[in-house]
Number of protein chains: 2
Amino acid sequence: MTEPPYLHIAAAIRHRIETGALRPGDRVPSTRQVVRDLGVAMATATRALAVLRDEGLVVTRPGSGTVVRTPDPPARRRAPVQELTTDRIVTTAMAVADAEGLEAVSMRRLAAELGVGPMSLYRHVAGRDALEVLLVRAVLREHPLPEPGPPGWRAKLELVSRVQWRAYRTHPWLPELISMTRPVLVPEAMAHTEWTLQALAGLPLPQAERLREALTLPALVRGLAASVAAETRAERETGQDNHEWWTTLGGEVRALLGSGRFPHLAAVQGQTLEDMDALLEHALTRHLDGLEMRLRAATSAGGSTSR
Amino acid sequence: MTEPPYLHIAAAIRHRIETGALRPGDRVPSTRQVVRDLGVAMATATRALAVLRDEGLVVTRPGSGTVVRTPDPPARRRAPVQELTTDRIVTTAMAVADAEGLEAVSMRRLAAELGVGPMSLYRHVAGRDALEVLLVRAVLREHPLPEPGPPGWRAKLELVSRVQWRAYRTHPWLPELISMTRPVLVPEAMAHTEWTLQALAGLPLPQAERLREALTLPALVRGLAASVAAETRAERETGQDNHEWWTTLGGEVRALLGSGRFPHLAAVQGQTLEDMDALLEHALTRHLDGLEMRLRAATSAGGSTSR
DNA sequence: ACCTGAACACCGTTCAAGT
DNA sequence: ACCTGAACACCGTTCAAGT
């Protein structure tokens, strides 16, 4: 009667497994499906699956969802329980973050996912903060910069921005983790700044200005990525995409839009933001066109002292 | 012997109250003073004061610190304990966020600060998330946009960007709280988008492009602000400013910088980022120069269909 | 010495017991 | 009906007990 919803959901799925409606290898409903179909919170859906995982009924394979576990591979020598390593911890953390967001990555959750006690993780990573640094390093290694890169400063800056953009888009939690003037001082992050400074090296601008450029450009990319990520997160949490959101607006907001106080906003409402990548290209074109203008001024003034 | 530090600190202050060294109405040391003078963590100092507050020995008056409680105001009808209101909660939350960062703003901490039980807050705000929306609204109201604003699209865009920048700089936790395509749909946030769309209204660009502009510009400002805020937070947490950080770099990083793998970064190290505001002006100038170029192209092509 | 479970000090929020 | 303390289900990490 007072059974919490997550137990109820877990019981329903368990029943389908025990009756054979779901067979070994079949995918069980994803947390997102549960959220959408049953109208419960993400936390509830996550907990329900965690119950089944703890019972050994299902296994979560990063990238391919949660499936019914194949019961003990018959007779064959069972693979030794995988040794716990820093790499496995980081890989698992990344899978959880990609699937459910950074806030789902807790030390305890990772431990459960890896089948060890929470404290075992601490023998391989110093703590939650250190794990975040490892995550950033791992992602950056996934998205290497070419050497020496294309010719010309503009092509180079476009390339490094797009590589960063792609990293952010692949891992929507990444923007939260990157800081700027205090770049996580690890080789992988330093490489990006170095590459950018290299792209700017030959330009007729004072060093201080080249540094400002090397700091603002990635901040711009990250800012845009963070905004897009907020959208992704909102979709995951509410189960409504941008278009649905605009069409199901609450009465008060609808009233405000109709009030005549926000005519331009009202004219734009419902206009689908079809293509997030177009936002990057827009911002990038404006910025680099601006830099080109600045270079023309610096050159025609015959030096770098002009504004 | 094994007495936790916060109890020790509480006992010391209690002693000064009981001996009359601190009299009713006197201010007891603030958490910040305790942190500075005793070299303990903020959490410890906060907890010490919480102990005294729970004992009824002191009361915290938001805005005026924590003072020794006047024992039952003799005979006279006691002034009604300040009524709990949504406004007081938001004001307190903002003060805590400004002083210690958003992560210090917990429902329980606010309740303690206001001298009520945690659950009392829920009669005025729906929960932690709703409180964050209220915080955003309150900050935006602090930074109104002029009507009708200066003439010319460029002056208008510079103004709205600088107003946002100032809000972010005043409250470094704000960038974390703002999303973009799903603008917190409250009038205060809508007003900014409306104002920006208005500034762009007369330009010879397709509506979709004006919308992209109205989304990328604030994302850029926010991205830069988030980066600067990361620096602020790092300073608070490590007690090292940017310059100190560079000069006390760990051995491994110093080795990397000296390794010759990052020549441009090495050349720039220690160069002080004197002026954060210059970063905004840099990014803003590049972007708006770029937009100016785009407009020239659109105009000379005689329409808005050109790239 | 190496490993990790128990425990501590938090958190947001539900629920039911108090007035 | 209104208000809020107790309790639940989390969290990261310290510490000391186990091997």
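Letters go in sequence order (proteins before strands), and every chain restarts at 1.
If you take atom P in D/dG18 and the same atom in C/dC8, they sit 16 Å apart, rounded to whole Å.
Listed here is the closest heavy atom pair of A/Pro175 and A/Arg222: O-NE, 2.9 Å.
Every residue was checked against the side-chain hydrogen bond (donor to acceptor under 3.5 Å, both in side chains) condition with A/Arg108, not counting sequence neighbours, and none meets it. Residues passing the ring pair (Phe, Tyr, Trp, His ring centres under 6.0 Å) test with B/His171, sequence neighbours excluded: B/Trp173. B/Ala93 is linked by a side chain to side chain contact (heavy atoms under 4.5 Å, CB included) to B/Val105, B/Leu110, B/Leu131, B/Leu135, counting only residues two or more places apart in sequence or in another chain.
If you measure from atom CD of B/Glu103 to atom P of C/dA9, you get 21 Å, rounded to the nearest angstrom. When the P atom of C/dC2 is taken as reference, atom CG of A/Leu84 falls 16 Å away, rounded to whole Å.
Screening residues 123-135 of chain B for salt bridge (charged side-chain N to carboxylate O under 4.0 Å, His left out) gives B/Arg128-B/Glu132 as the qualifying pairs, with residues at least two apart or on separate chains.
Counting heavy atoms from C-beta outward, A/Pro218 and A/Gln164 have side chains that approach closer than 4.5 Å. In this structure, the side chains of B/Leu121 and B/Leu114 come closer than 4.5 Å at one or more pairs of heavy atoms.
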What is the per-nucleotide protein-contact pattern of nucleotides 12-19 of chain D, from the 5' end, where B denotes a base atom under 4.0 Å from a protein heavy atom, S denotes such proximity for sugar-phosphate atoms only, and - denotes neither? BBB-----
I'd like to know whether B/Val136 forms a side chain to side chain contact (heavy atoms under 4.5 Å, CB included) with B/Glu188, so could you lay out the CA-CA distance, the side-chain angles of the two residues, the decisive distance to 0.1 Å, and finally the verdict. CA-CA 9 Å; B/Val136 170; B/Glu188 292 85 353; over 6 Å; no
Taking Watson-Crick and G-U wobble pairs with both distances under 3.5 Å, convert DNA chain D into its dot-bracket string, 5' to 3', dots for unpaired and | for cross-strand pairs. ||.|||||...|||||.||
